[in-house]
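Notes to accompany the following structure.
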There are 2 protein chains.
Amino acid sequence: MPHGSATDWDNTARRALKAAGHRAGGARGAVVSLLGRQSCCLSAHEISDELHKSGSDVGMASVYRALELLHEMGLVQRVEFGEGVARFEPVTPGGEHHHHAVCDRCGRVTPFEDARLERHLDRLAGDLRHSMSGHDLVIHGECRRCARS
Amino acid sequence: MPHGSATDWDNTARRALKAAGHRAGGARGAVVSLLGRQSCCLSAHEISDELHKSGSDVGMASVYRALELLHEMGLVQRVEFGEGVARFEPVTPGGEHHHHAVCDRCGRVTPFEDARLERHLDRLAGDLRHSMSGHDLVIHGECRRCARS
DNA sequence: TTGTTTGCAAACCTTTTGCACGTTA
DNA sequence: TAACGTGCAAAAGGTTTGCAAACAA
């Protein structure tokens, strides 16, 4: 994917926003663009920092408002790893999904995916008669690097 | 299990605390007793409320300090459902483990377990070369009751 | 013009910390 | 007595909200 080009998610999100009567210029658009370039999760603070680095002086409140809206629309997933910070990541249109292994020592987040796990979860939710709009699995422990020392 | 009797977890926790040179009277003991009677997770605020209802005027700070200690000792697991509140539940001595389906409409939490899932996760963590001290899976969606309406 | 979006600052809430006072070994 | 535990109040984050100015249809 060439640098600067709009991603699938970016396009999907903008279309969905427009369809729902929302604009995606200024702050909101900047958040959409940035999220579109991510493959894993970012905190609101990281998003704000990143935007400032590239010259968009977006206020924290606008970042949170954009994330809230995108979350409501099912375009971003919210995940938490137990550090008291919420993290956000784009929900890919194709439905691919990944999970997170968190190192409790160094904080590193390792994303991973597993098709069998996804199928298993679908079945589980069905058994529970619980609809599943999203899900997230967090594995806590020590990453490869930290475990070695 | 008769009302008022000490649970397995209660006993285990008290033994572990004593072994580590900690006391379990007053506030800490009250938190241990209450947690021992839970099968699913409680927030710090819920714990404090519950204790006050039964006449133990335990300060919030003590609740958090007790939870922090128990968590460090691996006696309680900390889970978050994306509402910005941490929840805590006893880690059962036998190692049984459950996960949570959260209704994003009414907030109901449905615990569930699945041995195959646990085995699958062990294998996954192994593949990632990530040690696993704990894990939690959260399914978001609508519960049986809300989905019907 | 009219409704939406934005940034700032203040408010809010959960969680942590400092500190003086009890409590327990 | 000495170390530990507790409650209160204050502090420290992260997140949300009120509001007036800026913006877009």
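Note: hydrogens, waters and symmetry copies are ignored here, and every other heavy atom, side chains too, is used. All chains are named by letter (A, B, ...) in the order of the sequence lines, taking the proteins before the strands, and each is independently numbered beginning at 1.
- With a 4.5 Å cut-off between side-chain heavy atoms of Ile, Leu, Val, Met, Phe, Trp and Tyr, the cluster of A/Val91 takes in none.
- A nucleotide of DNA chain D counts as in contact with chain B when one of its atoms lies under 4.0 Å from a heavy atom; the first and last such, 5' to 3', are D/dA3 to D/dC8.
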Could you pull out every donor-acceptor pair under 3.5 Å between side chains of residues 23-36 of chain B and any protein atom, sequence neighbours left out?
unit_1, atom_1, unit_2, atom_2, d
B/Arg28, NH1, B/Arg23, O, 2.8
B/Ser33, OG, B/Arg14, NH2, 2.8
B/Ser33, OG, B/Gly29, O, 3.1

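- Under 3.5 Å, the side chains of A/His98 and A/Glu118 contain no donor-acceptor pair of N or O atoms.
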Scan nucleotides 10-25 of chain C nucleotide by nucleotide, 5' to 3', and note B when protein non-hydrogen atoms come under 4.0 Å of the base, S if they reach only the sugar-phosphate, - if neither.
----SBBBB----BB-
Could you list the donor-acceptor pairs under 3.5 angstrom formed between side-chain atoms of residues 74-84 of chain B and any protein atom two or more places apart in sequence or on another chain?
unit_1, atom_1, unit_2, atom_2, d
B/Gln77, NE2, B/His135, O, 3.2
B/Glu80, OE2, A/Gly82, N, 3.0
B/Glu83, OE1, B/Arg87, NH2, 3.2
B/Glu83, OE2, B/Arg87, NE, 3.4

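- Side-chain atoms of A/His120 and B/Asp114 form a donor-acceptor pair, as typed in the model, at a separation below 3.5 Å.
- Residues A/His130 and B/Val102 approach most closely at CE1-O, 3.4 Å, considering heavy atoms.
- Counting heavy atoms of neighbouring residues, nucleotides and ligands inside a 6.0 Å radius, atom NE2 of A/His45 does not exceed 12 of them.
- Put simply, CG on A/Asp57 is 17 Å from C1' on C/dT5, counting in whole angstrom units.
- Partners of B/Asp127 according to the side chain to side chain donor-acceptor pair (under 3.5 Å) rule, which considers only residues two or more places apart in sequence or in another chain, do not exist here.
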